[in-house]
Each structure stands twice: as structure tokens, then as C-alpha cells.
Amino acid sequence: MTTKVLLDAEARAKWLKREAADLGFDAAMITDARAPWEASARLKEYVDKGRHGDMAWMAQTLTRRSHPTAMWADARSAIVVALNYGPPSDPLQALEHRETGVISVYARGADYHDILKKRLKRLARSFAETTGEEVKVFVDTAPLMEKPLAERAGVGWQGKHTNLVSREKGSWLFLGVMLTAAELPADDADIDHCGSCSACLEICPTDAFPAPYQLDARRCISYLTIEHKGPIPQELRTGIGNRIYGCDDCLAVCPWNKFAERGREAALFHRPELVSPPLAELVVLDDAAFREVFAGSPIKRIGRDRFVRNVLIAIGNSGAPGLAQSAEAQLTDPSPLVRGAAVWALKQLRPDRLAELCEGALAVEADEDVRAEWVS
């Protein structure tokens, strides 16, 4: 049984940061969970404009996201932890190899939700046992806005691409939050260091930023390849290139990355075979094979059909006629989402072959979205 130790606020804060470092976190900062903030108004405007797309949960949890105390009325302090997952090399280089797929850096290894939550729970449990104070932990999937909290705690600031940026760790940060009923001294909030730089806005292949510090998820490749469940809008497909899960362009181009050392445990998020996997090998995955390949990966959550849809879009953008046969083989896939993407891919690589198959395919195709792909 752990003996409770009564610590003053300053000692508790120092203990928390030391314990977080011992658990492998690269940063642990504290802010007042009760202080007013503008993040809720920005989120409401975002949802009101429909920029959240298919992510209905954002509208459904709008009230709970309005403030940390809406999640827990007794919360007094928020401890924001960060884990640096910086890649070993520039991820933009993989975009040049069009017959291979590009997976977002964060998804090239173990699921960060599991890693962060396990460590954060250990931190919270130790704090509760040591102080007797109540705690709650949150990692990404809960309706809590981590990035505004992280900015207020001094972990970094929200850049023009809306992601968190740190002068010491760049743009490659996973975030987690521990709320507590304990009163802890707050760290100084960070300030915006983006200056006149607009590299993250200019590099976006699908123009997903209507203005600095604003994101329209409906045009974002990360949203389109992960959250969006239907056919990807035709006007955005070529911009996706060979990105098959997420997009790192706006993160990778940030100048602050040059000051960031690779995370101490970044290898956890790096499976070499997922850096540039051949599209021809990915497109043939059935459900069982997909689950096996991506066991323990966040990619598994989107399911095989959505993933193969993404692979087929990449095949269509590859400019490699040798991949046309791979696309044609998926024209009879049980999933209409896959069949529709296969039609588009074949049209990009072998429009002559598509014309040969069109009449026969329309005679048996019942799905309206797929039929539209054939005749568009």
C-alpha cells in the first residue's frame, strides 16, 4: 500500500514533471483548467461552417469540448504531456516514389493512443496515490481540446496549420492531458513564433487552409484518407498523390523542425516496412491480411475497404501503366467503395481498357456511386 505524502503545490508540480520525464514524456507542463479561453468560440465557428465534414462527433460533443471543466466540473489544473515522434528523415522524400504508398509518420508503428494512455494512467495513478487528489486522463479520442491547453501550458503554440509547434521539438508531438482537482502552479503560456512564414499553408496539395490558423477538414488529405467514409471527391483525388493514410506536408515543412531532436522513443512509431510500401502489394489485401499487416497500428481502425480505396487513388496518381492490372483486378471487389476507386484508377492509367469494360460492367453494377464513376 502506498503511503500518501502531503506535498505543497510547488513540490507537487516538480514531482509531476520529474515523474513524467521518468515515464518517457518529452514535456510536461501545467495550466489552470478553469481559466477562460477562446478555443470554444473558434470550435463553434468551425462546426457552424461545416468544416468538420463527416465528423459528426465534433458537433455532438461541442458542449463538452467548450471548456475543460465541461468535462469535469471539479478540475482545477491540467497537466499536458507531450511525446516527440520525430521521423529519422524527411518524410516528403517518399512522395517522389509514386509506385509506393506514403503513410503519415505517426501511423508507421505502434498506436500512440495505447502508448500515451498507458503512461499517462501510470502518472495519474502515482499522483493520486501520492497526494490523495482526484485525477482523470485524456488522449485524443476524448472530447477535450488538447492543443489549446498545450499552448496555454507552454508546451508550444498552434501554428498557422492549426497543429502544435514547439521551438524545441518542432511539429512532431503527441499530446495527452491529465486533469486534477489539485491546485497546481501554472506555467507560462507560449506565444506564436510563426512570424511571416506561410510554408505550411503554401505546401498543402488540396488547399485545405482558407486562411492562416484555419483548416477546412473537408479538403484535408488526413481527413479524406482517414475520417471520410465515402468516395473521395473527384476534384481532390489528384492532389492526394501517393498518400494512402494521412498527410505530413504541413508538419514536415515547418522551419522549427530543424531545431528538434528526434524523440527518445521515436523508434516505437517507426516500422521500416511502412515507410514506402509497394502499392501493388497493398491493393490485394483482403480483410484478414489487412488486419494482420496493421495489427497494433492506428491504420487498422479505418478498415480494409477505406484503406484499399486510398491505395487505388494512389495507383491512379502513380503514372505507372504497370499498375493498371492491379486496379482492374479490384473492379469486382465486394465493396462498392473499392470498386469505384478502382474504376477511377484504371481510367487514369488505361482509359482505353476502361472503355472496353464499361458496357459489361454497367450491365451488372447496381451501386449508383460506382455507376457514376464508370460514366463520368
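Just so it is clear, the values below take in all heavy atoms, side chains as well, and ignore hydrogens, waters and symmetry mates.
A donor-acceptor pair shorter than 3.5 Å cannot be found between the side chains of Asn310 and Thr225. In summary, the side chains of Lys136 and Thr180 do not present any donor paired with an acceptor at a separation below 3.5 Å, with no hydrogens or angles considered. Side-chain atoms of Ser198 and Glu202 form a donor-acceptor pair, as typed in the model, at a separation below 3.5 Å. A donor atom on one side chain and an acceptor atom on the other are not found under 3.5 Å apart for Asp216 and Tyr223.
Taking a 6.0 Å sphere around CD of Glu134, one finds it holds 12 or fewer heavy atoms contributed by other residues, nucleotides or ligands. Under a cut-off of 6.0 angstrom, the local environment of CZ in Arg122 is sparse, with at most 12 non-hydrogen atoms contributed by other residues, nucleotides or ligands. The environment of CG in Asp352 is crowded: more than 12 heavy-atom neighbours from other residues, nucleotides or ligands sit within 6.0 Å. The local environment of CD in Glu356 is crowded, with over 12 non-hydrogen atoms from other residues, nucleotides or ligands closer than 6.0 Å.
Annotation for Ser171 and His161: closest pair OG-NE2, 3.5 Å, computed over non-hydrogen atoms. Pairing each heavy atom of Pro68 with each of Leu144, the nearest pair is CA-CD1, 3.8 Å. Annotation for Lys169 and Asp26: closest pair CE-O, 3.1 Å, computed over non-hydrogen atoms.
Using a cut-off of 4.0 Å between Lys/Arg side-chain N and Asp/Glu carboxylate O, Glu373 and Arg237 are scored as salt-bridged. Ion pairing between Asp369 and Arg339 fails under the 4.0 Å rule for side-chain N and carboxylate O. Arg119 and Glu19 are not joined by a salt bridge, as no carboxylate oxygen comes within less than 4.0 angstrom of a charged side-chain nitrogen. With respect to Asp187 and Lys17, a salt bridge is recorded, a charged nitrogen being found less than 4.0 Å from a carboxylate O. A salt bridge is absent between Arg108 and Glu273: the closest approach of a Lys/Arg side-chain nitrogen to an acidic carboxylate oxygen does not fall below 4.0 angstrom.
Note that the CD1 atom of Ile313 and the CH2 atom of Trp344 stand 5.0 Å from one another [nearest 0.5 Å]. In this structure, the separation between SG on Cys200 and OH on Tyr213 is 8.5 Å, given to the nearest 0.5 Å.
Using cut-offs of 30° and 60° for the angle between ring planes, the Tyr106 and Tyr245 rings count as tilted. Using cut-offs of 30° and 60° for the angle between ring planes, the Phe290 and Phe307 rings count as tilted. Ring geometry, His193 versus Trp157: the interplanar angle exceeds 60°, so the pair is classed perpendicular (tilted spans 30 to 60°).
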**OP:** Run the numbers on Arg34 and Glu183 for salt bridge (Lys or Arg N to Asp or Glu O under 4.0 Å), then give the verdict.
**Re:** CA-CA 11 Å; Arg34 299 162 299 181; Glu183 192 93 45; 2.4 Å; yes

Original post:
Asp287 and Arg291: salt bridge (Lys or Arg N to Asp or Glu O under 4.0 Å), yes or no, with the steps?
Top reply: CA-CA 6 Å; Asp287 188 65; Arg291 290 175 177 274; 3.0 Å; yes

